[in-house]
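Reading through the structure tokens given below for one structure.
Values reported hereafter were calculated over all heavy atoms of this structure, with side chains retained and with hydrogens, waters and symmetry mates removed.
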Amino acid sequence: MELGLVGLGKMGGNMRERIRRAGHTVIGYDRNPDLADVPSLEALVGKLKGPRVVWVMVPAGAATQATIDELGELLQPGDIVVDGGNSRWTDDEKHAEELKAKGIGFVDCGVSGGVWGLQNGYALMYGGDKDDVAKVQPIFDALKPEGDFGSVHAGKVGAGHFAKMVHNGIEYAMMQAYAEGWELLEKVDSVTDVREVFRSWQEGTVIRSWLLDLAVNALDDDEHLEKLRGFAQDSGEGRWTVEAAIDNAVPLPAITASLFARFASRQDDSPQMKMIAALRNQFGGHAVESKSGQ
């Protein structure tokens, strides 16, 4: 099938390539002309045959709103917009209503896989009407990992981004646990090779995971993470997860504590946040802050 893809950065560019490898046609637009296949959104829509599917992979908030507003003027009834960025689920409900008034369908899709998605596939959580989802299904099938898992129709509009938000909240807590354990091991005199302790956990333990593998990768690059400043940004989903927990009276002590730990990282050079920063860089290509002179 044909797909229009808006936003060809670290995630979007690799997604375009994976979809093309599955035999589909992808026409991509990005503000950077070096990345784009067409010079404008209007040109992108003009190259697609109806009914069209346009997938948006731009930053949440104003950029997504502006893109969806423009697509709402360019697309026709029966076309579909997919928001695959990290939008808040409440924005999905608003976008769906705005597009529905024009006869345009809307599907929200949480995407996980970071810079490794081209090779491994992307975990997908999508929400929307089943008929709208069915029109996008060949693209979901192209993007997902091999096998029976890694893709789910989570529910109605907003469910995909809500599920991805909770996924990221869990991710916060898991990274925090690895970081705390790493700092404690580094602190004591009796443990002389922390990196190899982490490596030993990769097989046969109940805490083995892809995050643990990435932690070992980071330690192989910089054994004591001496090149990193102990600062880790939060991208929004952790805050939204905690806010949703408050709204629904669901206790989330581990996820909440992991979010607050990131706030603490902005006050001093936290050893734990060196590991958090290293992990975020490993799986998502997120920027890290180096110590000056290194």
*Rounded distance [0.5 Å steps], CG in Leu5 versus CZ in Arg20*: 9.0 Å
*How far apart are the C-alpha atoms of Lys102 and Glu73, what are their side-chain angles, what is the distance that settles it, and do they pass the salt bridge (charged side-chain N to carboxylate O under 4.0 Å, His left out) test?*
CA-CA 9 Å; Lys102 301 174 184 288; Glu73 297 301 318; 3.1 Å; yes
*Does one hydrophobic cluster hold both Val157 and Val166, with members joined at side-chain heavy-atom distances below 4.5 Å?*
no
*Asn281 side chain to Ala278 main-chain N or O, any donor-acceptor pair under 3.5 Å?*
no
*Compare all side-chain heavy atoms of Phe106 with those of Glu97 and state whether any distance is below 4.5 angstrom.*
no
*Measuring from Leu3:CG to Ile80:CD1, what's the distance to the nearest 0.5 Å?*
12.0 Å
*asked:* Counting only heavy atoms from other residues, nucleotides and ligands, does the tally under 6.0 Å from CZ of Arg31 exceed 12?
replied: no
*So, does Asp108 use its side chain to make a donor-acceptor pair with the main chain of Asp92 at under 3.5 Å?*
no
*Less than 4.5 Å apart, any side-chain heavy atom of Met273 and any of Gln176?*
yes
*Are Lys10 and Asn14 close enough that a side-chain donor and a side-chain acceptor fall under 3.5 Å?*
no
*State, with a plain yes or no, whether a side-chain heavy atom of Leu75 is found less than 4.5 Å away from one of Val45.*
yes
_Using modelled atom types and a 3.5 Å cut-off, is there a donor and acceptor pairing between side-chain atoms of His153 and backbone atoms of Gly155?_
yes
_Is it true that, when you exclude Phe260 itself, more than 12 heavy atoms of the residues, nucleotides or ligands shown sit nearer than 6.0 Å to its CZ?_
no
*Closest heavy-atom contact between Val54 and Val6?*
CG1-CG2, 3.8 Å
*With sequence neighbours excluded, residues passing side chain to side chain contact (heavy atoms under 4.5 Å, CB included) with Leu185*: Val191, Val194, Val197, Phe198, Trp201
*Flag yes if Val152 and Tyr122 sit in one hydrophobic cluster, no otherwise; membership is Ile, Leu, Val, Met, Phe, Trp, Tyr, and two members link when side-chain heavy atoms are under 4.5 Å apart.*
no
*Apply side chain to side chain contact (heavy atoms under 4.5 Å, CB included) to the pair Arg21 and Leu118, showing each step before the final yes or no.*
CA-CA 10 Å; Arg21 289 180 184 179; Leu118 174 60; 3.8 Å; yes
*asked:* Show the nearest heavy-atom pair for residues Val111 and Lys164, with the distance to one decimal.
replied: O-CE, 2.9 Å
*Please determine, by modelled atom types, if Glu2 and His24 share a side-chain donor-acceptor pair under 3.5 angstrom.*
no
*Enter the distance from Asn168:CG to Ser112:OG here, rounded to the nearest 0.5 Å.*
6.5 Å
*For the pair Arg199 and Glu196, find out whether any cationic side-chain nitrogen is under 4.0 Å from an anionic carboxylate oxygen.*
yes
*asked:* Please tell me whether Trp89 and Leu252 are part of a single hydrophobic cluster in this structure, the criterion being side-chain heavy atoms less than 4.5 Å apart.
replied: yes
*Shortest non-hydrogen contact from Lys144 toward Phe149*: NZ-O, 3.4 Å
*Decide side chain to side chain contact (heavy atoms under 4.5 Å, CB included) for His95 and Val81; before the verdict, give the C-alpha distance in whole Å, the side-chain angles of both, and the deciding distance to 0.1 Å.*
CA-CA 10 Å; His95 296 153; Val81 172; over 6 Å; no
*Between Gln65 and Lys94, do the side chains contain an N or O donor and an N or O acceptor separated by less than 3.5 Å?*
yes
*For Ala123 against Pro145, the heavy-atom pair lying closest together*: N-CD, 4.2 Å
Only distances under 3.5 Å count here; give the side-chain donor-acceptor pairs of residues 127-140 to other protein atoms, sequence neighbours excluded, each with its distance to 0.1 Å.
unit_1 : atom_1 : unit_2 : atom_2 : d
Asp129 : OD2    : Asp131 : N      : 2.9
Gln137 : NE2    : Tyr126 : OH     : 3.4
Gln137 : NE2    : Asp141 : OD1    : 3.0

*What pairs with Glu70 under salt bridge (Lys or Arg N to Asp or Glu O under 4.0 Å), at least two apart in sequence or on another chain?*
none
*Candidate pair Leu71 and Leu41, rule side chain to side chain contact (heavy atoms under 4.5 Å, CB included), full reasoning*: CA-CA 8 Å; Leu71 287 172; Leu41 276 181; 4.2 Å; yes
_Within the 4.5 Å heavy-atom criterion, are Val82 and Val56 side-chain neighbours or not?_
no
_A side-chain contact here means heavy atoms from C-beta on lying under 4.5 Å apart; do Trp55 and Val26 qualify?_
no
*Just grab all the side-chain hydrogen bond (donor to acceptor under 3.5 Å, both in side chains) pairs involving residues 244-259, residues at least two apart or on different chains.*
none
_Can you give me the closest heavy-atom contact between Ala142 and Ile19, atom names plus distance?_
CB-CA, 4.4 Å
*Would you say the side-chain atoms of Ser87 and Asp83 include a donor-acceptor pair closer than 3.5 Å?*
yes
*Measure from NZ or CZ of Arg262 to the centre of the six-membered ring of Tyr172 and say whether it is under 6.0 Å with the direction within 45° of the ring axis.*
yes
*Evaluation steps, side chain to side chain contact (heavy atoms under 4.5 Å, CB included), between Thr25 and Met1*: CA-CA 6 Å; Thr25 298; Met1 67 175 281; over 6 Å; no
*asked:* The criterion is side chain to side chain contact (heavy atoms under 4.5 Å, CB included); which residues satisfy it with Gln282, sequence neighbours excluded?
replied: Leu214, Asn217, Ala218, Asp221
_Checking Trp240 now: which residues fulfil ring pair (Phe, Tyr, Trp, His ring centres under 6.0 Å) with it, not counting sequence neighbours?_
none
*So if you build clusters from Ile, Leu, Val, Met, Phe, Trp, Tyr with side-chain heavy-atom gaps below 4.5 Å, do Phe283 and Trp182 land together?*
yes
*Per the side-chain hydrogen bond (donor to acceptor under 3.5 Å, both in side chains) rule, which among His161, Glu243, Glu237, Glu93 passes with Arg88?*
Glu243
_Measuring from atom CG of Leu211 to atom CZ of Arg280, what distance do you get when rounded to the nearest 0.5 angstrom?_
12.0 Å
*In sequence, state the C-alpha distance, the side-chain angles, and the governing distance for Arg16 and Asp37, and then conclude on salt bridge (charged side-chain N to carboxylate O under 4.0 Å, His left out).*
CA-CA 11 Å; Arg16 174 175 60 176; Asp37 302 315; 3.1 Å; yes
*Is any NZ, NE, NH1 or NH2 atom of the basic residue among Glu183 and Lys274 found under 4.0 Å from an Asp or Glu carboxylate oxygen of the other?*
no
*Which atom names give the shortest non-hydrogen contact between Leu8 and Ala36, and what distance separates them?*
CD1-CA, 4.0 Å
*Does the side chain of Tyr178 pick up a donor-acceptor pair with the side chain of Ser209 at under 3.5 Å?*
yes
*Do Met125 and Val53 share a hydrophobic cluster, counting only Ile, Leu, Val, Met, Phe, Trp and Tyr and linking them when any side-chain heavy atoms are less than 4.5 Å apart?*
no
*For the residue pair Asp69 and Glu98, establish whether any side-chain heavy-atom pair is separated by less than 4.5 Å.*
yes
*Measure the shortest side-chain to side-chain distance between Met57 and Met15 over non-hydrogen atoms and say whether it is less than 4.5 angstrom.*
yes
_Interatomic distance, Arg195 atom CZ to Leu219 atom CG [nearest 0.5 angstrom]_ = 7.5 Å
_Atom pair CE/CD1 of Met174 and Ile207 - distance to nearest 0.5 Å_ = 9.5 Å
